[in-house]
Protein chains: 4
Amino acid sequence: MATPVYSETRTTPQRGRPRDASRDDALRQAALEVMAEVGYRALTMDAVAARARAGKATIYRRWESKLDLVIDTCTQLAQQNLAEPDTGSLAGDLREFLAAFAAFLSGPSGKAAQALVGELPHEPELASAFRETFLTTQRDVLRGILERADGRGELRPDAPRGMAVEIAGAALIYRLMLTGDPLDVPFVDRVVEQVLLPLVAKGQ
Amino acid sequence: MATPVYSETRTTPQRGRPRDASRDDALRQAALEVMAEVGYRALTMDAVAARARAGKATIYRRWESKLDLVIDTCTQLAQQNLAEPDTGSLAGDLREFLAAFAAFLSGPSGKAAQALVGELPHEPELASAFRETFLTTQRDVLRGILERADGRGELRPDAPRGMAVEIAGAALIYRLMLTGDPLDVPFVDRVVEQVLLPLVAKGQ
Amino acid sequence: MATPVYSETRTTPQRGRPRDASRDDALRQAALEVMAEVGYRALTMDAVAARARAGKATIYRRWESKLDLVIDTCTQLAQQNLAEPDTGSLAGDLREFLAAFAAFLSGPSGKAAQALVGELPHEPELASAFRETFLTTQRDVLRGILERADGRGELRPDAPRGMAVEIAGAALIYRLMLTGDPLDVPFVDRVVEQVLLPLVAKGQ
Amino acid sequence: MATPVYSETRTTPQRGRPRDASRDDALRQAALEVMAEVGYRALTMDAVAARARAGKATIYRRWESKLDLVIDTCTQLAQQNLAEPDTGSLAGDLREFLAAFAAFLSGPSGKAAQALVGELPHEPELASAFRETFLTTQRDVLRGILERADGRGELRPDAPRGMAVEIAGAALIYRLMLTGDPLDVPFVDRVVEQVLLPLVAKGQ
DNA sequence: GATTAATCGAGACGGTACGTCAAGTCTTGAT
DNA sequence: ATCAAGACTTGACGTACCGTCTCGATTAATC
């Protein structure tokens, strides 16, 4: 599921009191705060309900489970950070975009993403929502950056573009989730200069 | 903690019935099976105990918590696959080692590792055990491979060795845990040929 | 409270859509049916509303609570059976009245009354409404019967009238609510002949 | 059900930790206290568990429901008050026994009994347990008293014994549960002198 | 005839209790 | 002191109901 059910194009006119849309945001906000504080495992529906001053039924009316709520909460956050940069150079575009992505991952969304990784193999719906939110978008932007660089003649003809895109994401997320090392601008710069440009840029 | 408590140097000689060491393996085996079937979240101590035909106290006598049991179970598995290859060439060593590591990750240990990722930020002890098991060892072997290659004069002088090591691990784990794409030999070969060798090997 | 709020002498003339008086009966009828089926405890306002095809607000506009609705429903039923008999003889009056009262108690009102007994100690308002409906009226009629019999010289001078009245009610209600034995005409006759007349009638 | 399941004659030897019998009493005591304070309706399992410092599962392991717990709690109390008096006279026996029964009903058991009346029609098991506890025993004792009085030649030959027994119980319980008037010794004396003795004793 | 306001069915809302389930501890008898 | 078994406390789960509220849609009395 993973989204409150407004999108359902209504067949019947509109019966009863309509859902209060402001509760959605309040609940997502509460979920985000609680998850940031105690993590996914220790997040309880009671805590979210209490923080949003809502009844639990109000949550379960919108999301089927804790997982569903968390997914939707993260997805919502991901909508914003799509900024496709255009600095005119491959190096500039890569640096700018990866820095933005790193910042996004360093915030609550990153924490949430990490919390969800363990569920992916057992929750197919979550897995596809997760990949859509955290992987596909970022991958598409990177591909666009490489294409524009190719248009400017900056790429080697045999550049392994797919692999470069994968490596870029992998490097950031590996740091974030596994090593625990900081995901800062110097690191992004090193990834760009020591890995990405050498792999794809002409004359390196 | 993450290891059965035999190491506790006994002050008193040895009184009463000694611990049945075969229960350790039975319990780890049960834990592994249950985790592979239902994942970390849905794994219950009762289920593990029942599968091993053991009492819960028998588990808690050895491990402090569910997490602890799972960590130890995985660590145990990791002990075996340290095989440092020596094919005589950088490319050969990389291929062989990464293929072995990929195979290790593709098994139950990989599933377990994934299940644990979400807990790392809130469980410092788990985090260090996890990194020791899944990251450090692999990193050290890779570093050794690069050093021996350097001794043979196969590396460029300015090769970004640390980054190469990090990228190698990142590429595999990213695939395993996030994209869900298969972690097979062709992929490993592509990583070696399209990424690692270009980054560090002389004359590429 | 225990009565729909029409009595409220309106200060403002009469504005807006007037209340649909037919909903009162529909709701009481629904309440009676539900209570007869599942008892007081398991009666839910949602069930009553659904059965009457009414909104819950329509109920709460008329009655303050579940208790209030049930009380009013029973009271309504009680209004009818006040018939003070006048057969010309004490025995005849007693038989006729107690048979009528037994019939009343054997119907849904009796079930409802029983359902309410448990609430009496904790609901003073309910208690007084309950006593008014189920005890006082019946008691007054019985007292009238005894007085008229006394006027005819049928009573012993030392007849314990108060006790006789109390015993008459007690015998019926005890059967109804506690023993579960049938509250039929033969029983009423036995109460009259074996208990009431011996206690109060001259020459027994 | 209405009794913790020890009575179940065990087929298997005895496996695992046995039930802690002291929890039974603690829970019954807590239930009695809570019920006396807030009544049956408002009694919650959480409140009982909290007061007994027990988990809810510990309650549900023993009793299937709130009703079941309450029944058992009362039944336990009823076991004690069977005292069959033997003063040597019908009047003395009646006074003594009914006073004792009135005292029993005036305590927490009486409150509990009242709370249960409303459930009787919908809970056959409860009904029979209730009657066994609160009616049958008392009835049997009364019957014994009448028989012994008959043996002493105190009864009229045509005395309506069954009705007398029923009336005695009805008078007390009617007062207790319906009218709310006090169930004190003067009242018991009046019942004996004005009703029971006139109905059955010789020469009245 | 248009306006006005309280009604109607429907159902979302904040709460509270429900009965279940799991984690980790403790207690049996037996080895 | 260990073992299997299972009762124990704690606390979260997801559901159901209470009594209130809010929606669009009637429906009279008032203007």
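Lettering of chains follows the sequences in order, A, B, ..., and the numbering in each one begins at 1.
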Tell me every residue that passes side-chain hydrogen bond (donor to acceptor under 3.5 Å, both in side chains) with [X], counting only those two or more places apart in sequence or in another chain.
X      : result
A:E119 : B:R41
B:E33  : B:Q29, B:R51
B:R53  : none

*OP1 or OP2 of E:dT7 under 4.0 Å from side-chain N/O of C:R23*: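 For E:dT7, neither OP1 nor OP2 has a side-chain N or O of C:R23 closer than 4.0 Å.
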
*asked:* Check the phosphate of F:dA7 against D:T58, side-chain N and O only, distance under 4.0 Å to OP1 or OP2. Yes or no?
replied: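 Checking F:dA7 against D:T58, no side-chain N or O comes under 4.0 Å of OP1 or OP2.
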
_Partners passing salt bridge (Lys or Arg N to Asp or Glu O under 4.0 Å) against B:K56 (at least two apart in sequence or in another chain)_ =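 Only B:D46 meet the salt bridge (Lys or Arg N to Asp or Glu O under 4.0 Å) criterion with B:K56.
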
*asked:* Please enumerate all residues that pass ring-ring contact (aromatic ring centres under 6.0 Å, His included) together with D:Y40, with sequence neighbours excluded.
replied: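 None.
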
_For the OG1 atom of D:T73 and the CE atom of D:M35, what is their distance to the nearest 0.5 Å?_
6.5 Å

*Under 4.0 Å protein heavy-atom contacts per nucleotide of nucleotides 18-23 of chain F, with B for base, S for backbone only and - for none*: BBBBBB

Separation of atom [atom1] in [X] from atom [atom2] in [N], rounded to whole Å:
X     : N      : atom1 : atom2 : answer
B:R62 : F:dA1  : CZ    : P     : 16 Å
C:D24 : E:dT7  : CG    : P     : 12 Å
C:L27 : E:dC8  : CG    : C1'   : 11 Å
A:W63 : F:dC13 : CH2   : P     : 15 Å
C:R19 : E:dG9  : CZ    : C1'   : 15 Å
B:I59 : F:dT2  : CD1   : P     : 16 Å

*Which sits closer to the 5' end of DNA chain F, B:A49 or D:A52, going by the nucleotide each is nearest to?*
B:A49

